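The block underneath contains the structure these notes are about, expressed in structure tokens.
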Amino acid sequence: MRALAAQLVVIAKAPVPGRVKTRLTPPFSPQQAAQLAGAALADTLAAAARVPAARHVVALDGAPGRWLPAGFDVIGQRGTGLDQRIAAAFSQAYARLPLPVVLIGMDTPQVTHRLLESAIRPLLGDTGDPGPGGLWARDGAPVADATLGMADDGGFWLLGLRRPDPRLVTGVPMSTPVTGAAQLARLAGAGLRVRQMPCCTDVDTAADAVAVARQIPRSRFAATLRTMRVRLDPEQPEPRCDLIAPAGLTTLLPAHSL
């Protein structure tokens with residue numbers, strides 16, 4: 001299979017009890033939360049490894065362990081806030097290899113290699129016949145300068161940039177109900193063509209964990225969750241994606257100065 005001329009970066013924390021998935025505690029113990037984080041990371045890395053990208057990278061907070069599969073370069077996270085760490089991961093990857101970069105987190109173990117590939121292909125250039133509907137890549141995917149996958153909690157689970165620039169991310173408010181919308185506005189405000197990917201559920205709460213495990217019953221994540229017996233809050237709502245903009249929307253707005 002021909003390699004895709006792009007990089008795939010997984011931004012992650014080492015699955016250490018007390019440092020990861022703290023919102024799962026309670027009802028899970030810190031050890032259980034770390035086990036779930038490790039399983040989610042393993043599923044994510046397995047899907048990423050199947051993508052024929054030119055380079056696979058883990059932008060890591062912490063030390064690598066036996067959970068790290070072969071074939072991934074490791075770079076340390078830089079910066080304080082999450083926006084700075086995401087921007088730095090893009091910059092470090094692009095400085096090493098000037099190819100488009102798609103970045104995902106470790107909170108969506110339900111991602112597949114096909115979904116990740118579909119986020120890469122629109123970034124690979126405006127070759128082929130544009131046709132009456134606009135620019136199209138050679139494989140039929142709409143050409144884009146950025147790809148963005150919204151999360152059902154208002155954040156985003158994936159961001160891809162054809163030409164990374166820290167100003168496209170730095171300053172975007174993170175971990176809020178409007179993070180995804182703010183990131184989309186930043187990209188579109190810079191005049192970028194943004195291809196939206198399907199909405200996904202981030203595993204942040206116990207209800208999220210149950211919902212995602214139901215989607216991927218044969219995964220490491222689901223198998224790990226089945227070993228744990230916890231009492232869930234019946235008042236906690238199920239995650240929803242029905243209020244998120246539909247996948248495939250390409251946003252074009254007038255450019256503003258970065």
Side-chain angles (χ1 to χ4, degrees), residues 1-11 44-45 47-59 72-73 75 83 86-105 108 111-131 133-151 155-170 172 180 182-200 244-253 255 258:
M1 182 181 296
R2 188 177 65 178
L4 298 172
Q7 303 179 72
L8 185 56
V9 177
V10 179
I11 187 166
T44 301
L45 293 175
R50 295 186 64 188
V51 177
R55 185 179 181 224
H56 298 79
V57 181
V58 175
F72 283 82
D73 294 337
I75 59 176
D83 61 322
I86 290 174
F90 273 106
S91 295
Q92 290 179 78
Y94 195 71
R96 170 73 180 273
L97 186 65
L99 293 176
V101 179
V102 168
L103 179 144
I104 62 171
T108 50
V111 299
T112 66
H113 70 283
R114 291 186 180 88
L115 181 58
L116 295 175
E117 285 184 37
S118 71
I120 290 174
R121 293 188 182 278
L123 303 174
L124 298 186
D126 53 0
T127 58
D129 181 6
L135 293 174
W136 293 84
R138 194 178 299 279
D139 67 347
V143 168
D145 303 302
T147 49
L148 182 67
M150 298 289 199
F156 62 87
W157 65 272
L158 176 146
L159 176 61
L161 296 173
R162 186 188 292 186
R163 293 176 180 164
D165 185 319
R167 294 171 295 178
L168 294 171
V169 181
T170 303
V172 172
Q183 183 62 71
L184 177 59
R186 177 69 65 88
L187 299 173
L192 303 189
R193 296 164 294 182
V194 184
R195 178 72 174 177
Q196 290 200 53
M197 306 304 298
C199 173
C200 283
I244 305 297
L249 176 65
T250 302
T251 303
L252 287 168
L253 291 179
L258 286 171

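Here the structure is a predicted model, which means the values were calculated and not measured.
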Check your understanding: Where the side chain of Gln183 meets the backbone of Phe156, is there a donor-acceptor pair that is under 3.5 Å apart?
Key -> no
Exercise for review: Would you please test Phe90 and Leu168 for side-chain contact (heavy atoms from CB on, under 4.5 Å) and show each step?
Suggested key: CA-CA 10 Å; Phe90 273 106; Leu168 294 171; over 6 Å; no
Review point. Between Val172 and Ala182, what is the shortest heavy-atom contact and its length?
Key: CG1-CB, 4.1 Å
**Study point:** Partner of Leu8 by side-chain contact (heavy atoms from CB on, under 4.5 Å), out of Val58, Val102, Val101
**Key:** Val102
Exercise for review: Sequence neighbours left out, what passes ring-ring contact (aromatic ring centres under 6.0 Å, His included) with Phe72? Give chain and number order.
Suggested key: His56
Check your understanding: Would Leu187 and Leu161 count as a side-chain contact (heavy atoms from CB on, under 4.5 Å) if you check the C-alpha gap in whole Å, the side-chain angles of each, and the deciding distance to 0.1 Å?
Key -> CA-CA 10 Å; Leu187 299 173; Leu161 296 173; 3.9 Å; yes
Check your understanding: Any side-chain heavy-atom pair from Leu116 and Leu158 closer than 4.5 angstrom?
Key -> yes
Check your understanding: Do Val169 and Arg186 touch side chain to side chain, with heavy atoms closer than 4.5 Å?
Key -> no
Practice item. Answer yes or no: is there a side-chain heavy-atom contact under 4.5 Å between Pro52 and His113? Key: no
Check your understanding: Do Val111 and Trp157 come within less than 4.5 Å of each other through their side chains, counting heavy atoms only?
Key -> yes
Point to revise | Side-chain heavy atoms of Pro100 within contact of Leu124, under 4.5 Å | key: yes
Practice item. Mind checking side chain to side chain contact (heavy atoms under 4.5 Å, CB included) for Ala59 and listing every partner two or more places apart, or none if nothing turns up? Key: Val9, Ile11, Ile75, Gln77, Ala89
Check your understanding: Taking side chain as C-beta onward, heavy atoms only, is Arg55 less than 4.5 Å from Leu99?
Key -> no
Check your understanding: Does Arg50 reach the main-chain N or O of Arg114 with its side chain, forming a donor-acceptor pair under 3.5 Å?
Key -> no
Check your understanding: Within a strict 4.5 Å, meaning less than it, do heavy atoms of the Arg193 and Arg162 side chains meet?
Key -> yes
**Study point:** For Pro98, all residues meeting side chain to side chain contact (heavy atoms under 4.5 Å, CB included), sequence neighbours excluded
**Key:** Tyr94
